[in-house]
2 protein chains.
Amino acid sequence: MLEERYHHGDLRQALLAIAKQQLTSQGFETLSLRAISREAGVSHAAAYRHFPNKEALVAALACAGFEQLKAFVEAEVMQHSADPREQFFQCGIAYVQFALHNAPLFRVMFGVSGVDRLHYPATHAAAQASFGVLVGTIQRGQAAGLIGAGELRQLAFTAWAAVHGLATLALQDQITSQQGAIDSERLVRNSAKLLWNGLKYGQT
Amino acid sequence: MLEERYHHGDLRQALLAIAKQQLTSQGFETLSLRAISREAGVSHAAAYRHFPNKEALVAALACAGFEQLKAFVEAEVMQHSADPREQFFQCGIAYVQFALHNAPLFRVMFGVSGVDRLHYPATHAAAQASFGVLVGTIQRGQAAGLIGAGELRQLAFTAWAAVHGLATLALQDQITSQQGAIDSERLVRNSAKLLWNGLKYGQT
DNA sequence: CCTCTATGTTGACAGTGGTAACATTGCTGA
DNA sequence: TCAGCAATGTTACCACTGTCAACATAGAGG
């Protein structure tokens with residue numbers, strides 16, 4: 001039984017967990033340090049012992065989001081370890097699915113909050129790491145001779161941008177399929193096929 | 001000579017103009033109705049005679065942004081009226097350039113504010129209209145026999161997403177070219193070539 | 001046991017979006 | 001012409017927010 005202690009134990013983690021929960025349930029706009037602290041059963045200023053300000057808390061949230069994204073995409077990709085082309089597709093499909101299923105978190109990760117990620121090295125590193133999954137996938141495609149040469153990171157960046165664009169536009173209801181729901185898999189496959197063809201025929 | 005009148009004349013437009021100015025100079029996060037009203041020389045509640053709430057003001061800002069974007073892209077495209085392929089490229093280049101040169105506005109247009117665009121018909125319409133420029137460009141490419149068939153809007157959407165992804169990632173300093181500055185033209189051309197090839201060889 | 005540091009609390013401050021009650025203006029129709 | 005009405009601004013207030021300084025408590029190490 002948890003008694004009321006003066007010292008919480010691991011308030012930092014608790015705050016992050018509650019923040020993530022409130023983020024997903026109420027969106028970013030109404031996210032408030034005070035509400036989070038309240039929910040944690042702690043005074044409104046306690047958070048400042050663990051985060052210099054709200055922005056830092058949000059940056060930490062984004063950091064965790066990138067780690068989650070990386071893990072998710074990696075897992076999906078691994079299910080198709082035999083076929084580099086399918087791996088490439090799965091990368092994108094997983095990315096968009098993650099965005100749609102974790103919309104508020106995804107928005108926080110990508111600038112809703114106006115956080116300059118370069119000011120938060122951990123968050124930036126996590127973002128780069130998640131990007132690395134895509135780079136690796138393309139690299140395997142090249143190794144297998146299925147993709148023409150080209151500057152690796154540039155290719156990866158192009159692919160990333162394409163998929164990222166799909167995800168963000170989809171999140172905005174900018175795309176509304178006739179059936180109402182968004183078929184993210186079909187969406188990505190269409191886009192990925194184009195890119196894959198382009199890659200195959202070299203980028204001249 | 002402007003005397004101090006009780007009635008402003010066109011407060012709505014004045015507020016929007018000041019808002020846009022403060023947005024570009026200070027970013028979205030610190031944008032405040034009160035500061036805007038102050039700058040307009042009007043009380044902080046006056047704005048509520050013209051906008052039901054802050055979100056509506058922001059939506060109007062986004063609406064104007066889309067109109068500006070459309071005009072800009074259209075103008076750039078028209079400079080290459082002879083060559084559909086180059087028109088396609090210019091579409092993307094102009095899009096990214098607009099994003100980079102109007103970063104805060106662009107972020108407002110695309111969801112920084114968490115505004116559900118469907119609740120603001122005018123804004124939504126303006127967004128669709130700007131999308132229409134790209135659709136038209138691809139259409140001309142098809143008419144000229146330079147692009148394979150395919151569902152028009154789907155193709156356009158794919159291309160839009162690709163370019164939009166480039167723009168948003170670039171805005172986040174997610175991309176940092178070795179030289180420091182972002183060469184948006186090279187960036188887009190790389191991506192657009194891939195897509196164009198993919199389009200040419202059909203989407204199978 | 002005593003002190004130092006990490007952690008949490010209280011109370012304040014300025015600033016925000018939003019609303020209600022009141023003031024002023026200028027158009028409209030008798 | 002002018003009374004009245006709708007549009008537009010103002011003032012005063014509310015609840016809420018992020019942040020800070022001053023204080024309180026707890027636990028770890030000498």
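Chain letters run A, B, ... following the sequence lines, proteins first, then strands; residues in each count from 1.
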Gap between atoms CZ and C1', on B/Phe51 and C/dG18 respectively (whole Å): 16 Å
Quiz question: going by heavy-atom distance under 3.5 Å, is there a donor-acceptor pair between the base of C/dG17 and the side chain of B/Arg34? yes
Donor-acceptor pair, A/Arg34 side chain versus A/Ala45 backbone, under 3.5 Å? no
Classify the ring geometry between B/Phe110 and B/Phe106 as parallel (under 30°), tilted (30 to 60°) or perpendicular (over 60°). tilted
Provide, to the nearest angstrom, the distance between the CG atom belonging to A/Asn53 and the C1' atom belonging to C/dG15. 17 Å
Can you tell me how far P of C/dA14 sits from NE2 of A/His44, to the nearest Å? 15 Å
Measure the distance from CG on A/Leu33 to P on D/dG18 and round it to the nearest whole Å. 5 Å
What nucleotide among D/dG18, D/dT11, C/dT10 has an atom nearest to a side-chain atom of B/Ala45? D/dT11
Pick the closest DNA chain D nucleotide for A/Ala35 and for A/Pro52 by heavy atoms, then say which residue is nearer the 5' end. A/Ala35
Considering only heavy side-chain atoms of B/Lys54, the closest of D/dG18, C/dG17, C/dT9 is C/dG17
Reckon A/Arg12 touches a base, only the sugar-phosphate, or nothing at all at heavy-atom distances under 4.0 Å? nothing
Within-4.5 Å side-chain heavy-atom neighbours: B/Thr137 and B/Pro84: no
Would you say the side chains of B/Gln68 and B/Lys20 form a donor-acceptor pair under 3.5 Å? yes
A/Tyr48 OH - D/dA24 C1' separation (whole Å): 20 Å
Nearest-Å distance, CG (A/Leu57) to P (D/dT19)? 10 Å
Check whether any side-chain N or O of A/His50 sits under 4.0 Å from OP1 or OP2 of C/dG8, and answer yes or no. yes
How close or far is atom P of C/dG18 from atom CD of B/Glu55, stated in whole angstroms? 9 Å
C/dT9, OP1 or OP2 - any side-chain N/O from A/Arg38 closer than 4.0 Å? no
Can we say A/Glu29 and B/Lys54 salt-bridge, meaning some charged N sits less than 4.0 Å from an Asp/Glu carboxylate O? no
OP1 or OP2 of D/dG18 sitting under 4.0 Å from any side-chain N/O of A/Ser32? yes
How many whole angstroms separate atom CZ of B/Arg49 from atom P of C/dA20? 11 Å
